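Below: the structure, in structure tokens.
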Amino acid sequence: MRLTKLFGKTLREVPAEAETVSHQLLLKSGMIHQVAAGVYSYLPLAWRVLRKIERIIREEMDAAGGQELSMPVLQPFEIWEESGRDLAFGKGLFTLLDRRERKLVLAPTHEELITDLARRNVQSYRDLPRMLYQIQTKFRDEPRPRGGLVRVREFTMKDLYSFDVDEVALDISYQRMLQAYKNVYARCGLDTVVVEADSGAIGGKDSHEFMVIAESGEDEIIYCNGCGWSANVEKATFAKTSLECEQLLSLEEVATPGAKTIEEVARFLGVPKERTLKAVFYSVDGELVFVTIRGDIEVNEVKLKNALKCSDLRLANDEEGQEAGLVAGSASAAGLSGIKVVADDSITLGQNFVVGANKADVHLKNANYPRDFKVDLMIDIAQAVAGYQCIKCGGDLLSTRGIEVGHVFKLGTAFSEKQGALYLDRDGNQKPLVMGCYGIGIGRLLAAAIEQNHDEKGIIWPVPIAPYHVYLCALGGEEGEIVSAAEALYAELKERKFEVLFDDRTESAGVKFNDADLLGMPARIVVSRRTLKSNSAEVKLRSEKDAELVKLGEVANRLAILLQ
RNA sequence: CGGGGUGUAGCGCAGCCUGGUUAGCGCGCAUGGUUUGGGACCAUGAGGUCGGCGGUUCAAAUCCGCCCACCCCGACCA
């Protein structure tokens, strides 16, 4: 492709709206254009990258036993009512009415439809296992699109669904997909880490996310420097410290004027934070829930939400707390009734805690579970933080951020049971299909690739997904000798099946070099009066600092080696 | 939805506070000329519903009100 013919121009300055590196570089290089919040056009250079990523994905999915199909984006609303996910997605679901006033959905994902297909086409264990996938547009009305292509409202996703006879067989499919995903990212030139992930309200046992470590990532990852275990902070567990065992003392009221927060109460009474119990009020699907956890630990709302199996969870406001008779700043489960109480198991890792007395400016000393109060649900709802200890090996936990470029998920029978996707086993018993699902966001992967492969000058494409392999640069304007040498090289490289972007513009050297660096093709070739003196061209890798002179006749061979 | 911010030419911005000719600057773009190894130079030129609607005023990019869009933080987010 000649740069004089290419659709899309590089920018001298970066549009003001971009903050993350990938967003800035995608805009500056002229690869994308924003149409609305979280909605983009992909110009030819970006489109070539996306197609290369898709191709790699197709090859790996096919190799793992996947069969490609295509399901519609436009779907009847009823199928979403059938699974109950019209509520789960809520406002995130794009809906519309057709001319007959029929309600339709622009699908955010395709579990419902694939389950529907499966129930029509799978009757017997002989029809299993199956892996089906598509590369399809999805719509999600995200509350806040962000980071360029990292979080958008219309995007392309590869989604694969596995169908098996039981959990054991699902494990095999799941492991096969994990490996296929690793292959995909490796081939795309991406370093990813696999982390344990939250499986959401739908349930299921295992879920893993593939993360590209990046400062601009949306997700926080907790990992252990000892054993290498890692998890999304939404899911991460840690070893809660146990306080020294003490004899139980009797409850004692103590005045704590003005002390409301854990810090204030602890300081006022001269006890460490871990000797107190924190009280947090939540509004859960409209009902007030009292949550308590040891004073040195924060509540993880994702864990809480999962524990309560609710769809809407938020901190209760002051009025809601008062209506329920709670005394903010001095609340505790001791003496509380008529309100659901959820506790983190950390409240059992010590004795004689300071808790609220449910009277303003008064706290209780020496509160102990279950002697002094009851809870309705005791479960891990603690937020992991860097510096805590690993639950597996006791090593130190660390924190970093990442972009989620893939998510794999054991669905189990959640969808097949609701939608009646059943098969007959060897013994003639009717059983629900055991499902898994596996997604890769293509555009987000592109963004992550740039986050991970750039320098201050621009993009540094990994060879397998680079829009072109070579940036061929003719310096020296209209000089016949240079032009004809560059043209000859262009023709030869194309003949040798290199993908070449030929900068045939009459621009100054500086402009061309800067665009070459910005656009980031793996190799740059320069033909100029200087190089032609030795009948050579200059060959430089984008990732390397230095260039080398190569005889014109050897350039193709040299490139073949360098780009391997 | 809560908080903060921005809307003036394709991109980056000034002008607004303190209303007053044909609304500026840089980049980019077009034409001609001189240049050519790290974002050259000269000349000429094209390009604007000043986000929208309404109000105040003799007069609004500028003041007031409402709305919209976009960005950032949070909430939200298989």
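Note that this is a predicted model, so its numbers are computed, not measured. Naming convention: chains lettered A, B, ... in sequence-line order (proteins, then strands); numbering from 1 in each chain. Side-chain atoms are counted along with the backbone in the values below, which use heavy atoms only and exclude waters and symmetry mates.
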- Message: Using side-chain heavy atoms (C-beta onward) and a distance below 4.5 Å, is A:Tyr133 in contact with A:Lys158?
- Response: yes

- Query: Between A:Asp141 and A:Arg153, is there a side-chain N and carboxylate O pair less than 4.0 Å apart?
  - Reply: yes

- Message: Between P on B:G39 and CG on A:Leu3, what's the gap in Å once rounded to a whole number?
- Response: 18 Å

- A:Asn300 CG to B:C77 C1', in whole Å, measures 15 Å

- Task: Using the C1' atoms only, state how far B:G7 lies from B:G52, rounded to an integer number of Å.
- Result: 11 Å

- Message: Within the 4.0 Å heavy-atom criterion, would you say A:Leu313 contacts the bases, only the backbone, or no part of the nucleic acid?
- Response: sugar-phosphate

- From A:Thr156 atom OG1 to A:Gln134 atom CD, the distance as rounded to the nearest 0.5 Å: 11.0 Å

- Query: Expressed as a whole number of Å, how far does the C1' atom of B:G45 sit from that of B:C63?
  - Reply: 37 Å

- Given B:C76, is OP1 or OP2 found less than 4.0 Å from the side-chain N or O atoms of A:Lys305? no

- Given that both distances must come in under 3.5 Å, which nucleotide forms a Watson-Crick or G-U wobble pair with B:C1? B:G74

- Rounded C1' spacing from B:G5 to B:U49 in Å: 25 Å

Under 3.5 Å, which N/O atoms of the protein pair with N/O atoms of nucleotides 69-71 of chain B?
residue : atom : partner : partner atom : Å
B:C70   : OP1  : A:Ala37 : N            : 2.9
B:C70   : O3'  : A:Gln34 : NE2          : 3.2
B:C71   : OP1  : A:Gln34 : NE2          : 3.1

- Message: How many whole angstroms separate atom CG of A:Asn514 from atom P of B:G38?
- Response: 10 Å

- Roughly how far apart, to the nearest Å, are B:C13 and B:C76 at atom C1'? 35 Å

- Message: Over all strands shown, is A:Thr531 touching base, sugar-phosphate only, or nothing at heavy-atom distances under 4.0 angstrom?
- Response: base

Could you go through nucleotides 24-26 of chain B and list every protein N or O atom that sits under 3.5 Å from one of its N or O atoms, giving the distance for each pair?
residue : atom : partner : partner atom : Å
B:G26   : N2   : A:Glu13 : OE1          : 3.0

- Task: In whole angstrom, give me the gap between the C1' atoms of B:G24 and B:G47.
- Result: 14 Å

- Query: Is A:Glu215 salt-bridged to A:Arg401, going by a charged N under 4.0 Å from an acidic O?
  - Reply: no

- side chain to side chain contact (heavy atoms under 4.5 Å, CB included) involving A:Lys545 - partner list, sequence neighbours excluded: none

- Interatomic distance at C1', B:A69 relative to B:A23, whole Å: 23 Å

- Message: Measure CG/A:Asp141 against C1'/B:C1 and give the value in whole Å, please.
- Response: 13 Å

- Any A:Met31 side-chain heavy atom under 4.5 Å of A:Trp47 side chain: no

- Task: Report yes or no: do A:Asn183 and A:Tyr181 form a side-chain donor-acceptor pair below 3.5 Å?
- Result: no

- Message: Can you tell me which nucleotide in B:A75, B:G38, B:G12 comes closest to the side chain of A:Pro143?
- Response: B:A75

- Using both distances under 3.5 Å as the test, list the Watson-Crick or G-U wobble partner of B:U6, or none. B:A69

- Query: Please, which pairs that meet salt bridge (Lys or Arg N to Asp or Glu O under 4.0 Å) have at least one residue in residues 439-449 of chain A, sequence neighbours excluded?
  - Reply: A:Glu218-A:Arg444

- How is A:Lys457 classified with respect to the nucleic acid when contacts are heavy atoms under 4.0 Å: base, sugar-phosphate, or nothing? base

- Compute whether any side-chain donor of one residue and acceptor of the other, for A:Glu451 and A:His454, lie under 3.5 angstrom apart. no

- How far does the C1' atom of B:C25 sit from the matching atom of B:G38, given to the nearest Å? 26 Å

- Rounded distance (Å) that lies between atom C1' of B:U36 and atom CG of A:Leu475: 8 Å

- Message: Taking only the C1' atom of each, what is the distance from B:A60 to B:C50 in whole angstrom?
- Response: 11 Å

- Query: Counting any heavy atom closer than 4.0 Å, what does A:Val14 reach on the DNA or RNA strands: base, sugar-phosphate only, or nothing?
  - Reply: sugar-phosphate

- Using purine N1 to pyrimidine N3 plus N6-O4 or O6-N4 for Watson-Crick, or N1-O2 and O6-N3 for G-U wobble, both under 3.5 Å, which nucleotide pairs with B:U34? B:A40

- Message: Contact list please: residues 400-408 of chain A against RNA chain B, heavy atoms, distance less than 4.0 Å, in numerical order.
- Response: A:His407

- Query: NZ of A:Lys235 versus P of B:C77: gap in Å, rounded?
  - Reply: 18 Å

- Query: Under 4.0 Å between a Lys/Arg side-chain N and an Asp/Glu carboxylate O for A:Arg505 and A:Asp515?
  - Reply: yes

- Start with the C-alpha gap between A:Val233 and A:Ile221, add the side-chain angles, then the distance that decides, and say whether side chain to side chain contact (heavy atoms under 4.5 Å, CB included) holds. CA-CA 5 Å; A:Val233 71; A:Ile221 301 162; over 6 Å; no

- State which of B:C76, B:U36, B:G38 makes the closest approach to the side chain of A:Ser508. B:U36

- Item | Side-chain donor-acceptor pair present, A:Glu538, A:Thr531, cut-off under 3.5 Å | no

- Crowded around A:Gln179 CD? As in, over 12 foreign heavy atoms under 6.0 Å? yes

- Pick base, sugar-phosphate or nothing for A:Ser207, based on heavy-atom distances below 4.0 Å to the nucleic acid. nothing

- Message: Under 4.0 Å, counting only non-hydrogen atoms across every strand here, what does A:Arg151 touch: a base, just sugar-phosphate, or nothing?
- Response: base

- Message: Without decimals, in angstroms, what is the distance between A:Leu27 CG and B:G12 P?
- Response: 9 Å

- Message: Please check if the number of heavy atoms outside A:Glu78 that lie under 6.0 Å from its CD is greater than 12.
- Response: yes

- Between A:Asp198 and A:Lys303, is the closest basic N to carboxylate O distance under 4.0 Å? no

- Item | Nucleotide opposite B:A61 in a Watson-Crick or G-U pair, distances under 3.5 Å | none

- Task: Please confirm whether any donor atom in the side chain of A:Arg524 sits under 3.5 Å from an acceptor in the base of B:G38, or the reverse.
- Result: yes

- Query: Counting only Watson-Crick or G-U wobble pairs whose two distances fall under 3.5 Å, which nucleotide matches B:C29?
  - Reply: B:G45

- Closest to the A:Glu142 side chain, choosing from B:G38, B:C77, B:G39: B:C77

- Starting at CD of A:Glu507 and ending at P of B:U34, how long is that distance when rounded to a whole Å? 17 Å

- Among A:Glu112, A:Glu82, A:Glu417, which residue meets the salt bridge (Lys or Arg N to Asp or Glu O under 4.0 Å) test with A:Arg119? A:Glu82

- Message: Nearest heavy atom decides the nucleotide; on that basis, is A:Thr10 or A:Tyr438 closer to the 5' end of RNA chain B?
- Response: A:Thr10

- Considering Watson-Crick and G-U wobble pairs with both distances under 3.5 Å, what does B:A23 pair with? none

- Query: For the rings on A:Tyr185 and A:Phe210, is their centre-to-centre separation under 6.0 Å?
  - Reply: yes

- Item | Contact nearer the 5' end of RNA chain B, comparing A:Asp515 with A:Tyr161 | A:Asp515

- Item | RNA chain B contacts made by residues 537-548 of chain A, counting heavy atoms under 4.0 Å | A:Glu538

- Validate the cation-pi geometry between A:Lys410 and A:Tyr174: distance from NZ or CZ to the six-membered ring centre under 6.0 Å, angle to the ring axis within 45°. yes

